[in-house]
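See below for the structure under consideration.
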Amino acid sequence: MQKLQLWERYKNRLYHNAELDLSVDTSRMNFPDSYLEEMEPRLQKAFEEMADLEAGAIANPDEQRMVGHYWLRAPQLAPTAELAEEIKATLASVKAFASSVHQGNIAAPDGHRFENLLVVGIGGSALGPQFIADSLGSAQDRMKVFFFDNTDPDGMDKVLAEIGSGLKRTLTVVISKSGGTKETRNGMLEARQAFEQAGLHFAAHAVAVTGSDSELDRTASQEGWLGTLPMWDWVGGRTSVTSAVGLLPAALQGIDIDRLLAGARICDQATRSRSTRDNPAALLALSWFHATAGKGERDMVLLPYKDRLLLFSRYLQQLIMESLGKELDRDGKKVLQGITVYGNKGSTDQHAYVQQLREGVPNFFVTFIEVLKDREGASMLVEPGATSGDYLSGFFQGTRSALYEKDRESVTITIREISPASIGALIALYERAVGLYASLINVNAYHQPGVEAGKKAAGTVLKLQGEILEMLRRQPERDFTCADMAMTLARPEEVETVFIILRHLAANPSHGVSVTAGEKVWENRFSAGK
Ligand SMILES: O=P(O)(O)OC[C@H]1O[C@H](O)[C@H](O)[C@@H](O)[C@@H]1O
């Protein structure tokens, strides 16, 4: 298509929301104009389902749950007055807690204000808070934020080393909706040990965000933590960033959570429109459907031209892939659905994998995110007539057209600036797009049955490890190959797992397992004797 024709298509298709200062450009998606009309009946059905969901229908039938993340920024829309009150009361508690911490009414045991924040969580209980902290953080933050988002001991050591003696003025927020996630439990235990080793009483530094009567909830109340904020079963982990999960760390960091919620709320209003062309989430969902044939046939590459949006692709990976990546549709038919999401930031990625995007396997579509405001204040000229920000914009435009020339499609989202409101709007935009797209492809976006399989298998491995350790200790004079061990435990079919467990045990001092090299690595001999 010629440039001027494209310009006509751009004007014809551009969605712009003046209140949010947000645009969605689908002119570089090559669907014909008739596509919107063709999809209209399916889309109207998706709007209908979304309205039912917002009204409190059991939109997640497998778990018999309502799906209420939209109420978090408009409590009056919650289906009962009690829920509305709980949402408002929790928001008030988040603000009151953060302000007490900032004012020093809730202080470190040495009487000094808390200066650092250690957030312990994983998945939806970490990705949202991390995205908010990174996109909106600044040198003026009220608290410096750190994360334990894994059960990697070295990762935790690295964070603790950064905090250093600041631990005595560190507030720990442990976040887990279920309150039983092992990685988070381990992070909490490791944090507790670090506090104790520094002579500090963990409970005086800890607050929880979790479901009522969860394991974490009980621990927090038995140990007398500073407080607990609720998580509800009608908020999914991956859409929990506008609940206490995202709001408490953000408020503590000093981010204006009212503006974040307002941005999300305004975007929610815009994405409730049943007029497809006026609904930016519907336009995204339609673009995804077109690009992937409604079957995930192409990957979504997210290219924000802004360092502060680096973690957005990681956040969206969970939101989109955990919501859409499903074996069965809502009728129980095997569909193997999903859309693969990846990306970092432009123009950095231009010097990494954009080569393949332009010339290699055409199995993707791009979502560019353009941010108009370069920085606070004016910029120096890096050459006559051009700033660094002008270059960033130039590279964005260059990549968009270079890809389009080669028939690589893209959507562009433009926002004026990075602010709590625009981040709230982006989050709400994608939450709604995922929901609408899930309706279009008939999958339940709100459950994650596949996650359980890996968790169960990990439990089995840890149990087998217990048996191995017991056997090694019972016969300290004996050394075992993995095959010996599997036979001795009467689990010959588990020999590979036994090998992997033994190799890991011997690589670490905690369990006192040593290794003697065999001819082949799988013939190594392991022993608990010295
Ligand atoms: O908040 P939690 O209950 O600890 O869950 C943390 C995460 O783990 C699970 O495995 C789910 O797949 C995620 O959706 C969830 O966000």
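The first residue of the sequence shown is numbered 1, and numbering continues consecutively from there. All ligand and atom numbering here is 1-based and tracks the order in the structure.
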[atom]: the protein heavy-atom neighbour that sits closest, reported with distance to 0.1 Å:
atom	result
atom 5 (O) of ligand 1	T181 OG1, 3.6 Å
atom 9 (C) of ligand 1	K455 NZ, 3.7 Å
atom 14 (O) of ligand 1	E322 OE1, 2.7 Å
atom 16 (O) of ligand 1	G124 N, 2.7 Å
atom 6 (C) of ligand 1	I122 O, 3.3 Å

Would you say that more than 12 heavy atoms from the other residues, nucleotides or ligands in this model lie under 6.0 Å from the CD of Q269, or not?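 More than 12 within 6.0 Å, yes.
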Which of the ligand 1 atoms, numbered from 1, are nearer than 4.0 Å to a heavy atom of [X]:
X	result
S125	1 (O), 2 (P)
S178	2 (P), 3 (O), 4 (O)
S176	1 (O), 2 (P), 3 (O), 4 (O)
V451	10 (O), 12 (O)

Residue pair L72, L247: steps toward the side chain to side chain contact (heavy atoms under 4.5 Å, CB included) verdict: CA-CA 11 Å; L72 298 169; L247 297 181; over 6 Å; no
Does at least one non-hydrogen atom of Q318 fall below 4.0 angstrom from an atom of ligand 1?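 Contact check Q318 vs ligand 1: positive.
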Side chain to side chain contact (heavy atoms under 4.5 Å, CB included) assessment of I369 paired with K306: CA-CA 8 Å; I369 303 185; K306 189 53 76 187; over 6 Å; no
Hey, does the side chain of S323 reach the backbone of I320 with a donor-acceptor pair shorter than 3.5 angstrom?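 Answer holds: no.
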Is the side chain of R274 donor-acceptor paired with the backbone N or O of N279 at a distance under 3.5 Å, no angle test? no
Can the ring centres of Y430 and Y315 be said to be less than 6.0 Å apart?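 No: the rings miss the under 6.0 Å criterion.
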Test side-chain contact (heavy atoms from CB on, under 4.5 Å) applied to E86 - qualifying residues, sequence neighbours left out: L83, W232
